[in-house]
Amino acid sequence: MSLSFDFVQPAPEPAADRVTLFADVILPLPLPRLYTYRVPFELSDQVVIGGRVLVQFGAKRTLSCIVAAVHQTPPAAYQAKYILEFIDDAPVVTQPQLKLFGWIAEYYLCTLGEVINAALPSALKLSSESRVQLHPAYEPDNHPYPLGEQEQKVVDALSTGEEVGKSLTFTEVGEVLGIASFHKYIKSLMQKDVVFLFEHLKDKFSPKVVKKVRLAHRYVAEAALEELFGQLASKAKQLDVVMRYLQRVPVYQSEHANHRGLEKAALTSAPHLSPSAVNTLIKNGILEQFDQIVSRFPLDEDDAQANMHFTLSETQVEARDAVMREFQTKDIVLLHGVTGAGKTEIYIDLIKQALDGGGQVLYLLPEIALTAQIVTRLMRVFGSRLGVYHSKFSDNERVEVWNGVLSGRFQVVVGVRSAVFLPFDNLSLTIVDEEHESSYKQYDPAPRYNAREVALMMAHFQGSKTLLGSATPAVETYYQARAGRYGLVSLTKRFGEAGLPEIVLVDTRKSREQKTMLNHFTPELMAEMESKLAQQEQVILFQNRRGYAPFINCLDCGWIPKCTNCAVSLSYHKQAHELRCHYCGHHDRMPTQCPACGSRNVKTVGFGTEKIEDDLKVMLPQANVQRMDLDTTRAKNSYQQIISDFEQQKTNVLVGTQMVTKGLDFANVSLVGIINADSIIHYPDFRAHERAFQMFVQVSGRAGRKGKKGRVIIQTADPEQVIFDKVMRNDYLEFYEYEITQRREHGYPPFMRIIRLTVKHVDVTVGERAALLLTQELVNRLGREAVLGPEAPYIFRIRNFYLQEITIKLSREHTVLKAAKADVIAAMDIVRDQKEFKQVRLAADVDPM
DNA sequence: AGCACGCCGACT
DNA sequence: GTCGGCGTGCTC
């Protein structure tokens, strides 16, 4: 090659090593495919798989998305847009997570975007609608890092005007700076703790602040302190405070320690110190008071090696050893332990071992079982290594847990369903407690996943052992254990010699005939309640229906108010004095007279928790009755409050829905009443018996602890029903044998897999026609016998959409299942492509519960 | 999911 | 004559 002496610079030849990278990204939208964007060449070394990038999607929208793959293949059919910015320099979604998310999308017939959407706390999902706010701790005059010109502009825009906590959207920030590429400034402002981001208005940052004090800077030197002692010689109270402060904070050893200070409460609420002396010291400038924003998950130094010791009972040791023995040959073990057998202690012991081995641990609990009781207990053992993931947490708190798992700060996480999405990469033990719980299954927005199954798959991918625990295992789970695919360990003895409760059936039909019913209570239940209360013992009553009455009825013309949007009658809620729909938000004022005929003869029919509570207050005036259902636990801490009141015996009777059946341990409860067992048994689906058995056994388990034998009274109109016999003897095995035979005969899980398709449309006939077409397409692919329906469900209209359901039964065999799912998707696509069905909504629910 | 483009009713 | 209703299609 000859050198050219041209003065014109030749166009730069693309160097052989100049490769253009492309990134396939997952957008947080329900789109079936990944989208390919081009990586700006200068930024090639910044692409991180699992990191977030900012892209332009469509004409208007800017979205953050997750990089799923990086490659060098330019898309053939279109020109890829450039990635605008890189948000992370390390993955926020780990490789094992990406693999798991892919599995979820495939198995549960949804898109990766839907999985990402459910998985990421919304503060990790940025869009042009994301907002920035000045960090509450930011003080312009006292900030450690200098700000650049552009950064200052953003801060100025956020601090102009009177408004406190003013925020701007990304779009607005772009306008303020007048440039397109502004994310780097936001990023650096975030790193300097000047601003923070949030996605929804409700997520505005409200930090948890503690008041702290420290010694004023000029006293930190030893000589100055001596002088201070002199000044305070005649002020004993103040001197005491200063001495205590010096005792707690090693001021001499490090100035830094003084800077960190001490919680004010440590001085003001100490037994021999005077709070007013503390305030005088602050007033005189000897102590400085300041606010500190603290993590909601305190790194408690005193707690660091808090490994509280407790000893397992002999039975527990045996069970633990049996679990470990099973783990040597099996990856999954079912721990079948009666209620009150002390499974939690066994879990804690196993978690400790897993942590000692250096792995991560995920401990899943159903929503209602994740209480302060259990968290406190785990905190005491695992201290700051424990992360808690609860649905009532704010988004900021969720991000904190997410990042804590990524950084390794949290090695154990106890959490609800969605905790399976956390970024674990080295799981060694997964525990799914109460594995039979239906709240592990997400029903409405996709992904309609079962956290137990997802946890099993995650454990499989990461080589983790999984322990499933339950007193009443799901039939599917027990079947696997029986077949030898899962290890099985049974714990049949209750902890602390508490016997299993005695279960009594009372016939409500008989009582009705004899006219001895007292409202909805049989004389037997009433007498038993009175006797237990007289002995200062507590009572739990279970009624599986909230509100006062399921409907009201005009006695003169028969009018029953119905929801305008759904095919259900409206429930009467007495406290709110409203008629409410339990399926949509609809509510009306309770009418004083019948709107149809004007009669005042309108009566409530049936009963819910609210009526039980009301009646009891009249019938047992000496008792303190509390209700626990969706209506009384909506506020953030109300659930906790109700439980702690009951625990401290401020309340004697707890009336509630499902919520009272799970995982609550109260030592003083000696009676459990199930007010209407029949409403639980008579349910139109194949799991009705299983659900009823589980509910009865679980709620019975609340009775009798600490050596006291409990009593359970079940009210039913038909005591002859087969299920009672098994419940009364607490015979899970017998129940299982009966149920598994039924399932085999009728072709239900675990012998068959079920996929339920729901077709929704505002117009009945369009919905019906779409459902028929879908059925036909399914039959063509899967055969007539695999497809049931279409059929309108019992509640055939919800939120103004008419519903049709199709049930598909498939062989369990893996390859068959996979192929069948492809057929289901194809059939759904055919319906969707039909012009007249464009407005039809189709949803697939794999393994519905 | 949003957002633009496009084709039919009540209004400055 | 237009503004705007929401049906339809597309987004790298």
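Chain letters run A, B, ... following the sequence lines, proteins first and then strands; every chain starts at 1. Heavy atoms only: backbone and side chains are in, while hydrogens, waters and symmetry mates are out.
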Problem - Atom-to-atom span, OH of A/Tyr35 to P of C/dT11 - whole angstrom - result: 7 Å
Problem - Separation of C/dT11 C1' from A/Leu63 CG (nearest whole Å) - result: 10 Å
Completion exercise
Between CD of A/Gln839 and P of C/dC6 the distance, given in whole Å, is 11 Å
Practice task
Return no unless some side-chain N or O of A/Tyr78 is found under 4.0 Å from OP1 or OP2 of C/dC12.
Solution key: no
Fill in the blank from the handout: residues 823-849 of chain A vs ring pair (Phe, Tyr, Trp, His ring centres under 6.0 Å), sequence neighbours excluded, gives none
Handout entry: Nearest-nucleotide pick for A/Arg61, side chain only, options being B/dC3, C/dG9, C/dC12
Key = B/dC3
Exercise for the section: Would you please confirm or rule out a distance under 4.0 Å between OP1 or OP2 of C/dC6 and any side-chain N or O of A/Lys838? Expected result: no
Problem - Parallel, tilted or perpendicular: rings of A/Tyr802 and A/Phe796 (30°, 60°) - result: parallel
Exercise for the section: Determine: side-chain N/O of A/Lys60 to OP1/OP2 of B/dG2, distance under 4.0 Å, yes or no. Expected result: no
Handout entry: Residue pairs fulfilling ring pair (Phe, Tyr, Trp, His ring centres under 6.0 Å) with at least one residue in residues 66-94 of chain A, sequence neighbours excluded
Key = none
Practice task
Could you tell me whether A/Asp631 and A/Arg546 have a side-chain N and a carboxylate O separated by less than 4.0 Å?
Solution key: yes
Problem - Distance, rounded to the nearest Å, where A/Ile26 contributes CD1 and B/dA1 contributes C1' - result: 16 Å
Handout entry: Integer-rounded Å distance: C/dG9 P and A/Gln834 CD
Key = 12 Å
Exercise for the section: Would you indicate what A/Arg38 reaches in the nucleic acid, counting non-hydrogen atoms under 4.0 angstrom: base, sugar-phosphate, or nothing? Expected result: nothing
Practice task
May I ask you to say what A/Tyr37 touches in the nucleic acid, namely base, sugar-phosphate or nothing, with a heavy-atom cut-off under 4.0 Å?
Solution key: sugar-phosphate
Exercise for the section: Write down the distance between NE2 (A/His71) and P (C/dC12), rounded to a whole number of angstrom. Expected result: 15 Å
Problem - Length of the line joining A/Lys835:NZ and B/dC7:P, which is rounded to integer Å - result: 13 Å
Exercise for the section: Please state how far atom OH in A/Tyr82 lies from atom P in C/dT11, giving the value in whole angstrom units. Expected result: 20 Å
Problem - A/Asp845 and A/Tyr108 side chains, donor-acceptor separation under 3.5 Å - result: no
Practice task
Quick one: label A/Ala80 by what it contacts on the DNA or RNA (base, sugar-phosphate, nothing), any heavy atom closer than 4.0 Å.
Solution key: sugar-phosphate
Practice task
Would you mind classifying the nucleic acid contact of A/Leu31 as base, sugar-phosphate or nothing, using non-hydrogen atoms under 4.0 angstrom?
Solution key: base
